[in-house]
Amino acid sequence: MKDLFFHHHLLRMLFLLMLGGTLKAQSNSKTSFDLSVGVHAFFLPGLKAKFTAPKPMVMLGLYRGLGEKQNLQAGVTLGYQHNPYQGNGLFAQTQIRYEPTIGKSIQPSIGTGIGYQLVYYPSTSLEWNGESWAQGKKFKGVVQVPLRLALGFKGIASGSGHFTPYLAYQTNLLFGYSPDLSPFPVGALVGGFKFSPKHK
């Protein structure tokens, strides 16, 4: 219970720090909301662990443009991933993304950052303590390093703003998930859209 309180408190502090840094962007920067859904799986091609048995994932982000051209985006992403075997996960991460526009509509994106993930298990596993089988931990906190590539189509206008649908591949490198393998990569294929409201 003490570990759970510590991880919850740390996750909350991380989110507040990231949100505060994002909102300090210059006043003329544009805000965008980012929603994506897809699938994730542990992906270790060197160890023949292919992208198999994918499970659902959802992410929601808040980003602000930086610089005169607004090609740099800084913000916060919150996410949930379901996996009954390796553990379900709630995470918060901050990212810096470079998103130039090619022509009028094509928008590639590359990004990275840092985050924190709380992994919890639907049922508590057993662990060998050297003498006997003991009840394993139900919760585990791990550090994330996200690496993201995306391709979007910019400029679908509505009365309240602009939509940019996109496809993305994101790898979350987990540090501290397994003592035998760190970082531990989790690959995700997602589709989503970015919404940029019009300034009044």
Side-chain angles (χ1 to χ4, degrees), residues 8-41 54-83 88-118 144-173 186-200:
H8 174 75
H9 188 63
L10 186 60
L11 186 63
R12 186 175 159 191
M13 283 179 51
L14 178 65
F15 172 68
L16 291 175
L17 284 172
M18 292 186 299
L19 184 61
T22 300
L23 295 179
K24 285 182 181 178
Q26 61 234 52
S27 59
N28 64 342
S29 64
K30 295 180 181 179
T31 302
S32 62
F33 302 92
D34 193 323
L35 174 66
S36 60
V37 295
V39 293
H40 77 283
K55 302 298 179 184
M57 167 187 268
V58 60
M59 293 184 285
L60 177 65
L62 172 65
Y63 284 81
R64 298 288 296 270
L66 303 175
E68 185 178 346
K69 294 183 177 180
Q70 307 281 294
N71 284 342
L72 281 178
Q73 299 280 316
V76 179
T77 292
L78 301 178
Y80 169 77
Q81 60 189 43
H82 175 72
N83 197 313
N88 300 324
L90 291 169
F91 59 86
Q93 56 188 218
T94 183
Q95 286 190 34
I96 296 288
R97 299 174 178 176
Y98 177 60
E99 298 184 344
T101 300
I102 300 174
K104 293 183 178 181
S105 303
I106 305 301
Q107 189 173 67
S109 175
I110 183 170
T112 188
I114 192 165
Y116 184 83
Q117 177 173 322
L118 181 63
Q144 282 185 338
V145 174
L147 304 172
R148 179 180 185 271
L149 293 172
L151 185 63
F153 181 79
K154 185 178 180 181
I156 300 177
S158 72
S160 55
H162 287 82
F163 288 88
T164 303
Y166 65 83
L167 294 174
Y169 177 79
Q170 179 166 316
T171 295
N172 290 329
L173 301 175
V186 178
L189 294 169
V190 299
F193 67 87
K194 184 172 67 174
F195 175 69
S196 302
K198 289 182 179 178
H199 290 282
K200 294 184 179 179

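Just so it is clear, the structure is predicted and the values come from calculations on it, not from any experiment.
In this structure, Q93 contributes its side chain and P146 its backbone to no donor-acceptor pair below 3.5 Å. A donor-acceptor pair under 3.5 Å is absent between the side-chain atoms of T94 and the main chain of V76, judged by distance alone. Looking only at distances, no side-chain donor or acceptor of H82 sits under 3.5 Å from a matching main-chain atom of N88.
Within the 4.5 Å cutoff, no side-chain heavy atoms of D34 are placed close to those of Q73. Annotation: side chain of Y98 is in contact with side chain of L72 (closest heavy-atom distance under 4.5 Å). Y80 has its side chain out of reach of P56: every pair of non-hydrogen atoms, C-beta onward, lies at least 4.5 Å apart. Contact of the L167 side chain with the L151 side chain is not registered, since no non-hydrogen atoms from C-beta on lie closer than 4.5 Å.
The side-chain hydrogen bond (donor to acceptor under 3.5 Å, both in side chains) check on Q81 picks up nothing, with sequence neighbours excluded. Residues forming a salt bridge (Lys or Arg N to Asp or Glu O under 4.0 Å) with R148 (at least two apart in sequence, or on another chain): none.
For the residue pair T77 and Y63, the shortest heavy atom distance occurs at OG1-OH, 2.7 Å.
The list of salt bridge (charged side-chain N to carboxylate O under 4.0 Å, His left out) pairs with a residue in residues 98-117, not counting sequence neighbours, reads E99-K194.
Using cut-offs of 30° and 60° on the angle between ring planes, the pair F163 and F195 is tilted.
I114 contributes atom CD1, which lies 12.0 Å from atom CD of Q95 (distance to the nearest 0.5 angstrom).
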